[in-house]
Colleague: 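Quick one: structure below, then a few questions.
Computed from a prediction, not measured in an experiment: that's the story for all the values here. Proteins get letters first, then strands, A, B, ... in listed order; numbering begins at 1 in each.
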2 protein chains.
Amino acid sequence: MDRKLLHELIEDYTSAMNEVNRRISAIMNDRVHEELTGDQFLTMRYIQKNEPCTSSDIANEFGIVKSAVTAQVNRLYEKGLIERDRDSDDRRIVYLRLTTEGKTLMKEGTDKLYEVLGEILSNFDKEEMTFFIWQLQKLARILKENG
Amino acid sequence: MDRKLLHELIEDYTSAMNEVNRRISAIMNDRVHEELTGDQFLTMRYIQKNEPCTSSDIANEFGIVKSAVTAQVNRLYEKGLIERDRDSDDRRIVYLRLTTEGKTLMKEGTDKLYEVLGEILSNFDKEEMTFFIWQLQKLARILKENG
DNA sequence: TTTAAATAGTTCTATTGTAGAACTATTCAC
DNA sequence: GTGAATAGTTCTACAATAGAACTATTTAAA
């Protein structure tokens, strides 16, 4: 491909992607997870979907070091949203689960997420959206291979 | 559209988008802006493209408060990458510009960005990429209206 | 023309997210 | 049984951010 065109596409891609990320995170903050930060919501969602999971799982999923996870998990623990208990066979391992409060909060958050994103995505028809997601997944796969 | 299908699409969209963002930022960190954080690189790029600009411009562009910009700009200033000077007509306004060092660094960073993203995007053909970017821009526009 | 409101930016404080090194406790492998 | 590997925590340092209080300056209104 022509060099100049490629550079223009890269500029367009990065600027659109940055704008989407900024606006999504602003909307999520305002309307989806009032009581949590964006990162906390993502961590809670991960635990919700992968219960029970460990700090190492989270560190691996989000590409951050384990001490960063400890700090985050401590904050969620202090809010009473998650519980920790040690594996009885291998006492190094600490399993993380949502508490009843955590589950309630995430149920509400997920409902709002579906409502808010559903409203936004209703501007795309099914084929358009499917193709867009398929492209995103392809990009994710390529990035995984190139990382 | 069917409710369950929409929810699945939302799950696929959010998980692909999050993975893309994580991997892009990891790659950028490793190969594009070694001496800067991701946020600093974005701020420097904004100044590079909009020289001279103000702290308020940056706050507006990235949706953050002005005190956050002051903190960021201070760090870049201390690295010798940007310079500030007051408008002589309206002495409240401080214009930001890249220093020679800042320009050199951003020239290198931009070259690396083109190289790295060019390599990744070469896995898409021109029509595919154009359509994908067009969809991203459409999403950005809708988010802007819905925000 | 003086005074009040608006604007641009900074300072200060507090919280969150992060990396990295040193550490504890536990399990595994030889 | 001892040394290596693993899971997680603690501690320190820094970046990013919000929000309130502040300074300096300009604009608008009385």
Side-chain angles (χ1 to χ4, degrees), chain A residues 18 21-23 25-26 28-30 33-47 50 52-79 81-97, chain B residues 18 21-23 25-26 28-30 33-47 50 52-79 81-97:
Chain A
N18 287 336
N21 288 338
R22 270 196 307 281
R23 294 199 185 279
S25 95
M28 295 282 286
N29 250 311
D30 285 350
H33 48 69
E34 287 99 342
E35 312 190 33
L36 297 174
T37 66
D39 286 300
Q40 286 170 352
F41 186 69
L42 288 180
T43 299
M44 289 290 284
R45 250 167 95 67
Y46 180 83
I47 299 172
N50 297 279
C53 69
T54 67
S55 284
S56 297
D57 294 338
I58 294 173
N60 186 55
E61 169 73 10
F62 295 112
I64 57 179
V65 299
K66 287 188 296 176
S67 61
V69 177
T70 300
Q72 240 192 70
V73 162
N74 280 341
R75 287 186 282 268
L76 295 171
Y77 183 82
E78 276 149 30
K79 284 174 194 261
L81 299 176
I82 63 179
E83 53 191 24
R84 309 192 230 217
D85 66 296
R86 287 192 180 274
D87 186 306
S88 50
D89 286 343
D90 184 342
R91 299 197 44 77
R92 290 170 303 183
I93 299 173
V94 177
Y95 291 117
L96 304 173
R97 289 185 185 79
Chain B
N18 287 335
N21 288 338
R22 271 197 306 280
R23 293 198 185 278
S25 95
M28 295 282 284
N29 250 311
D30 285 350
H33 48 70
E34 287 99 340
E35 312 190 33
L36 298 173
T37 66
D39 286 301
Q40 287 171 352
F41 187 68
L42 288 179
T43 299
M44 288 289 285
R45 249 166 96 68
Y46 180 83
I47 300 173
N50 299 278
C53 69
T54 67
S55 284
S56 296
D57 295 337
I58 295 173
N60 186 56
E61 168 73 10
F62 296 111
I64 57 180
V65 298
K66 288 189 295 176
S67 61
V69 177
T70 300
Q72 238 192 72
V73 162
N74 280 341
R75 286 186 284 268
L76 294 171
Y77 183 82
E78 277 150 29
K79 284 174 194 264
L81 298 176
I82 64 179
E83 53 191 25
R84 311 192 226 216
D85 66 295
R86 284 191 182 277
D87 185 307
S88 50
D89 286 345
D90 185 341
R91 298 199 44 76
R92 290 170 303 182
I93 300 173
V94 177
Y95 292 117
L96 304 173
R97 289 186 184 81

Colleague: Specify the closest pair of heavy atoms between B:Arg86 and B:Arg91, including all atoms of both residues, with the distance to one decimal.
Modeller: NH1-O, 2.7 Å
Colleague: May I have the distance from B:Asn74 (atom CG) to C:dT11 (atom C1'), rounded to whole angstrom?
Modeller: 10 Å
Colleague: How close or far is atom P of C:dA8 from atom CD1 of B:Ile58, stated in whole angstroms?
Modeller: 14 Å
Colleague: Please report, rounded to the nearest Å, how far the P atom of C:dT16 is from the NE2 atom of A:His33.
Modeller: 14 Å
Colleague: The side chain of A:Thr37 lies closest to which of these nucleotides: C:dT16, C:dA8, D:dG8?
Modeller: C:dT16
Colleague: Is the phosphate of C:dT18 approached by A:Gln72 (side-chain N or O, under 4.0 Å from OP1 or OP2)?
Modeller: yes
Colleague: Could you verify whether a donor N or O on one side chain and an acceptor N or O on the other, from A:Asn21 and B:Asn21, lie under 3.5 Å apart?
Modeller: yes
Colleague: Contact class for A:Ser56 vs. all strands (heavy atom < 4.0 Å): base, sugar-phosphate, or nothing?
Modeller: sugar-phosphate
Colleague: Say you draw a straight line from CE of B:Met28 to CG of B:Leu42; how long is it, rounded to the nearest 0.5 Å?
Modeller: 6.5 Å
Colleague: Within the 4.0 Å limit for protein heavy atoms, which parts of nucleotides 19-30 of chain C are touched? Write it as a string from 5' to 3', B for base, S for sugar-phosphate only, - for none.
Modeller: BBB---BBS---
Colleague: For A:Glu61 and C:dT18, what is the distance between atoms CD and P respectively, to the nearest whole Å?
Modeller: 13 Å
Colleague: Is there a side-chain contact between B:Thr37 and B:Arg75, using heavy atoms and a 4.5 Å cut-off?
Modeller: no
Colleague: Nearest-Å distance, CG (B:Leu81) to C1' (D:dA15)?
Modeller: 15 Å
Colleague: Which one, C:dG9, D:dT9, D:dT17, comes nearest to the side chain of B:Ser55?
Modeller: C:dG9
Colleague: Between D:dA5 atom P and A:Ile93 atom CD1, what is the distance in whole Å?
Modeller: 18 Å
Colleague: OH of A:Tyr77 versus P of C:dT16: gap in Å, rounded?
Modeller: 17 Å
Colleague: Which atom pairs, donor and acceptor, lie under 3.5 Å between side-chain atoms of residues 59-68 of chain A and protein residues at least two apart or in another chain?
Modeller:
none

Colleague: Are A:Asp57 and A:Asn50 close enough that some pair of their side-chain heavy atoms sits under 4.5 Å apart?
Modeller: no
Colleague: Of the nucleotides C:dG9, D:dT10, D:dA16, which has the atom closest to the B:Arg75 side chain?
Modeller: D:dA16
Colleague: Verify the neighbour count for atom OH of A:Tyr77: are there more than 12 heavy atoms of other residues, nucleotides or ligands below 6.0 Å?
Modeller: no
Colleague: Starting from the 5' end of DNA chain C, give me the residue, A:Ala71 or B:Arg84, whose nearest nucleotide shows up first.
Modeller: B:Arg84
Colleague: Using whole Å, report how far CG of A:Asp39 lies from P of D:dA18.
Modeller: 14 Å
